[in-house]
Amino acid sequence: MLRGAETFRHVLARARAGRGLALMGICNVTPDSFSDGGHFLAPEAARSRVDQLLAEGADFIDVGGESTKPGAVPVPANEQIARVLDVVRYAVAAGGCVSVDTSSAEVAAACLDQGACVVNDVSCLRETALGSVVASTGAALVLMHTRGLPQEMTDFGSYPPDGYKNIVREICTEWGHAAERARALGVPADAIAMDPGLGFAKNALQSTELLARLREIVDTVAVPVVVGASRKSFLTTVDPGAAPNERWGSSIAAALHAARSGVAVLRVHDVRATRQAIDLSRHLGRG
């Protein structure tokens, strides 16, 4: 029976063989996430969300119990566990490959013990103990680039324009240091994936540039690249004032560009719409 990083690699390989990439569906079990806060906080709603994501074709289910929007209040580990553990169990029992979206070693350990196979860390391994938990359980680790925690920032979009000289080179270098720390803690190189962190410590123009240059990142880091552009605020550069649930078109366009750039995983809210767009694009490209 496959476990942890082996499951991640198996599911990823199967998805890439069929569609070119994997789809990671988002299940935020929170009252305050930027797009769907409160929608899936109730246990029945969260389980229905898992069913929906799997039915729509999600390869991974990303379950999180703490918002990572700017200025979000940190959620204690025991409260995160209370929010997500039943959802993780349910998704695993339903046959899902579960990723837990947390930077807490305690939360990760509890979820991995219940069958999750991936830890999605938006802190770029700020907490050494998290790497140790991933290594000891044989899980996969998605390391997202950032230069600070959500609670330390009032608005990701206001990051200084001169904060990067060469955004791709700097992000890959800084992410590489985090990956080195993970490997030193015992996480195998083939159990690590990279997320460039669109919207995290990057203003809208920087995130847009990063999205445009995804191919360079894919060619540089030599590990699977995970991209989460879905509904994010930087997408309003083409439609100022659009609310999160009004950013479907730009989210799909970002997903198609990411797919063409060779990313391995797309983390999305709208699995069916993204799947349709990618499958049709691939079909037309074979014509």
Side-chain angles (χ1 to χ4, degrees), residues 8-27 35-36 49-62 95-97 99 118 120 142 144-145 167-168 171-172 193-199 202 204-240 242-287:
F8 174 76
R9 288 191 291 268
H10 174 76
V11 172
L12 180 58
R14 183 181 63 197
R16 298 189 83 174
R19 178 169 290 117
L21 50 71
L23 297 174
M24 178 180 283
I26 299 169
C27 182
S35 175
D36 52 10
R49 174 63 170 169
V50 169
D51 291 339
Q52 176 192 13
L53 293 171
L54 291 173
E56 291 184 356
D59 302 290
F60 301 101
I61 306 294
D62 192 47
C97 182
S99 164
V118 186
N120 184 10
V142 178
M144 191 198 77
H145 175 271
I167 193 167
V168 169
I171 283 172
C172 289
M194 188 267 198
D195 184 336
L198 297 173
K202 300 158 190 83
L205 292 179
Q206 290 161 346
S207 292
T208 302
E209 179 184 354
L210 200 55
L211 180 65
R213 297 175 64 185
L214 279 177
R215 172 58 71 177
E216 295 175 56
I217 295 172
V218 170
D219 291 343
T220 298
V221 297
V223 299
V225 173
V226 181
V227 168
S230 181
R231 302 187 186 179
K232 287 187 174 177
S233 61
F234 81 91
L235 298 173
T236 61
T237 53
V238 296
D239 187 4
N245 64 359
E246 297 171 335
R247 301 170 191 164
W248 294 320
S250 52
S251 294
I252 294 298
L256 288 172
H257 175 76
R260 290 191 294 267
S261 299
V263 306
V265 182
L266 288 173
R267 182 178 180 272
V268 299
H269 297 85
D270 306 295
V271 172
R272 173 170 279 124
T274 306
R275 173 178 56 79
Q276 288 175 351
I278 290 172
D279 286 352
L280 181 59
S281 180
R282 284 171 60 83
H283 177 75
L284 295 174
R286 289 193 292 265

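Bear in mind the structure is a predicted one, so any value in this text is a computation, not a measurement.
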Exercise for the section: Report yes or no: does Arg49 contribute a side-chain atom to a donor-acceptor pair with the main-chain N or O of Ile26 at less than 3.5 Å? Expected result: yes

Handout entry: Donor-acceptor pair, side chain of Ser251 and main chain of Arg231, under 3.5 angstrom
Key = yes

Exercise for the section: Please report the shortest heavy-atom distance between Gly96 and Leu54, naming the atom on each side. Expected result: CA-CD2, 4.1 Å

Practice task
Taking the side chain as every heavy atom from C-beta outward, state whether Asp239 and Ser250 have any atom pair closer than 4.5 Å.
Solution key: no

Fill in the blank from the handout: In this structure, CZ of Arg272 is separated from CG of Asp270 (nearest 0.5 Å) by 11.0 Å

Fill in the blank from the handout: Minimal heavy-atom distance between Ala229 and Leu235, with the atoms involved, is O-CD1, 3.3 Å

Problem - Any donor-acceptor pair under 3.5 Å from Lys202 side chain to Leu210 backbone - result: no

Handout entry: N/O donor-acceptor pair under 3.5 Å between Ser207 side chain and Leu198 backbone
Key = no

Practice task
Under the side chain to side chain contact (heavy atoms under 4.5 Å, CB included) rule, collect the residues that match up with Ser281, sequence neighbours excluded.
Solution key: Leu256

Handout entry: From OG1 (Thr220) to CG (Leu214), nearest 0.5 Å
Key = 11.0 Å

Handout entry: Residues in side chain to side chain contact (heavy atoms under 4.5 Å, CB included) contact with Ala22, at least two apart in sequence or another chain
Key = Leu12, Ala15, Asp59, Phe60, Val265

Exercise for the section: Over all heavy atoms of both residues, which pair between Met194 and Ile171 is shortest? Give the atoms and the distance, please. Expected result: CE-CG2, 3.9 Å

Exercise for the section: Just jot down the side-chain hydrogen bond (donor to acceptor under 3.5 Å, both in side chains) partners of Glu209, sequence neighbours excluded, or say none. Expected result: Arg213

Practice task
Examine distances only and state if a side-chain atom of Arg267 and a backbone atom of Val226 form a donor-acceptor pair shorter than 3.5 Å.
Solution key: no

Completion exercise
Across all chains, not counting sequence neighbours, the side-chain hydrogen bond (donor to acceptor under 3.5 Å, both in side chains) partners of Asp51 are Tyr90

Exercise for the section: Only counting residues at least two apart or in another chain, list the ones meeting side chain to side chain contact (heavy atoms under 4.5 Å, CB included) with Asp279. Expected result: Arg19, Arg275

Problem - For Asp195, salt bridge (Lys or Arg N to Asp or Glu O under 4.0 Å) partners two or more places apart - result: none

Fill in the blank from the handout: Only residue of Leu266, Leu21, Val218 satisfying side chain to side chain contact (heavy atoms under 4.5 Å, CB included) with Val227 is Leu266

